Amino acid sequence: MINPQVDKGALFIISAPSGAGKTTLCHYVRERFTDMVYSVSYTTRSPRPGEQQGADYHFISEDEFECGIRNSQWAEWAKVHDNHYGTSAVFLDHVLGQGGNVLLDIDVQGTRQILKRYPQAVTMFIMPPSLDELRIRLLDRAADSPETIAKRLKNAALEMALSHQYRHIIVNDLLDDAVEQLVSIIGRYYISS
Ligand code: ADP
Ligand code: 5GP
C-alpha cells in the first residue's frame, strides 16, 4: 500500500515491450481516471510524425540530457533502443507532494531506479499474449522498419524475462479484459480527491 510518510500521492508505473499495447491501454486509463497526471518524459530521440513537444515527450538534445544527469535532474534515466529517456525528479516530487496520482510510462531499467527512490510505487507490466502475436502487432502498426522491429522483438524477450520484478502482470490478449484488469488494479491504490 501507499506509504503516507513518504508521499501524499500515488505513483503508478506501466512498462511493456514495444507493441504490447501500452499506448492503447494508457489511453483508456486516462479516460477513466481523468485527474491522473501523466509524467511527460524527456528524450533525445526525434519526434515521430504527429508527436508534439511537451505533450508526448520533451524532446531535448544529447547535451541537455547529459547536463540533466550531472545536475541530478532525473528521478531515473535509461538508454532504450539507442536513445536516452528520463523522468524529471522535480516534477514527480511536486505532484506527489500535492497528493496527486502520477502515471509513469517507463522501461524496466527506469522502474528499478524509481523503486529505490519511491518503494511504494505500484508497478504494472503489460505482457503480449506471445512473441508471435507481438511481431504481428508491430507489423500491423506499420510504424517501424524491419530492422527496428527485429531490434524491438529482441529487446521484448529480455524485458519479458524481467516481468517478475513487477507487482502486477496484465496479459493484453483481449483488449476489453486487459483494460478492466488495469482499471481495477489502479482503482485499488488511486487517491480520490
Ligand atoms: P505500445 O504502446 O505498447 O508500443 P500500441 O498501443 O501502439 O503498443 O499497440 C501496438 C498495436 O497493437 C497497435 O496497432 C494496437 O492497435 C494493437 N493492439 C493493442 N492492443 C491490442 C489487443 N488487445 N489486441 C489486438 N491488437 C492490439
Ligand atoms: P518510445 O520511443 O517507443 O516512445 O519508447 C521506447 C521505450 O522507452 C518504451 O519502453 C518506454 O516505456 C520507454 N520510456 C519512455 N519514457 C521513459 C523514461 O522517462 N524513462 C525510461 N527509463 N524509459 C522511458
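Ligands are counted one by one from 1 in listed order, and the atoms in each one are counted from 1 as well. Computed from a prediction, not measured in an experiment: that's the story for all the values here. One-based numbering along the sequence shown.
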Would you say [X] has any N or O atom under 3.5 Å from an N or O of ligand 2, going by distance alone?
X: D107; result: yes
X: E159; result: no
X: S41; result: yes
X: A78; result: no

Would you indicate whether H94, at its atom NE2, is surrounded by more than 12 heavy atoms from other residues, nucleotides or ligands within a distance under 6.0 Å? no

Taking atom CZ of F59 as the centre, does the number of heavy atoms from other residues, nucleotides or ligands within less than 6.0 Å exceed 12? yes

Only heavy atoms of [X], strictly under 4.0 Å: list the atoms of ligand 2 that pass.
X: G110; result: 22 (N)
X: T87; result: 19 (O)
X: D105; result: 11 (C), 12 (O), 14 (N), 15 (C), 16 (N), 17 (C), 24 (C)

Nearest-neighbour protein heavy atom for [atom], which is reported as residue plus atom name and distance:
atom: atom 7 (C) of ligand 2; value: V80 CG1, 3.7 Å
atom: atom 6 (C) of ligand 2; value: Y85 OH, 3.6 Å
atom: atom 3 (O) of ligand 2; value: R48 NH2, 2.9 Å
atom: atom 10 (O) of ligand 2; value: K22 NZ, 3.6 Å

Separation of [Y] [atom2] from [X] [atom1] (nearest 0.5 Å):
X: M124; Y: Q181; atom1: CE; atom2: CD; result: 12.0 Å
X: I169; Y: T123; atom1: CD1; atom2: OG1; result: 9.0 Å
X: M36; Y: N101; atom1: CE; atom2: CG; result: 5.5 Å

Can we say [X] and [Y] salt-bridge, meaning some charged N sits less than 4.0 Å from an Asp/Glu carboxylate O?
X: D56; Y: R48; answer: no
X: D140; Y: R137; answer: no
X: R70; Y: E66; answer: no

Under 6.0 Å between the ring centres of W74 and Y42? yes

Hydrophobic cluster identity match, L103 and V122, side-chain contacts under 4.5 Å: yes

Going only through I, L, V, M, F, W and Y residues with side-chain contacts under 4.5 Å, is there a path from I14 to L175? yes

Is [X] close enough to touch ligand 2? Criterion: a residue heavy atom under 4.0 Å from a ligand atom.
X: Q113; answer: no
X: G86; answer: yes
X: R152; answer: yes
X: R45; answer: yes

Pairing donors with acceptors under 3.5 angstrom, does anything connect the side chains of S130 and E133? no

With E180, which residues qualify under salt bridge (Lys or Arg N to Asp or Glu O under 4.0 Å), at least two apart? R32

If the test is salt bridge (Lys or Arg N to Asp or Glu O under 4.0 Å), which one of K151, R152, R45 qualifies with D82? K151

Given that the side chain starts at C-beta and the backbone is N, CA, C, O, which of these parts of E76 lies under 4.0 Å from ligand 2, counting heavy atoms, or is it both or neither? side chain

Ligand 2 versus K79: contacting region, heavy-atom distance under 4.0 Å: neither

Fit a plane to each ring of H84 and F65, take the angle between them on a 0 to 90° scale, and name the class: parallel (under 30°), tilted (30 to 60°) or perpendicular (over 60°). parallel

Mind jotting down which protein residues get a heavy-atom contact under 4.0 Å with ligand 1? Chain and number order, please. P17, S18, G19, A20, G21, K22, T23, T24, R137, R141, N172, D173, L175

Considering W74, Y57, Y42, W77, which one's heavy-atom position lies nearest to atom 1 (P) of ligand 2? Y57

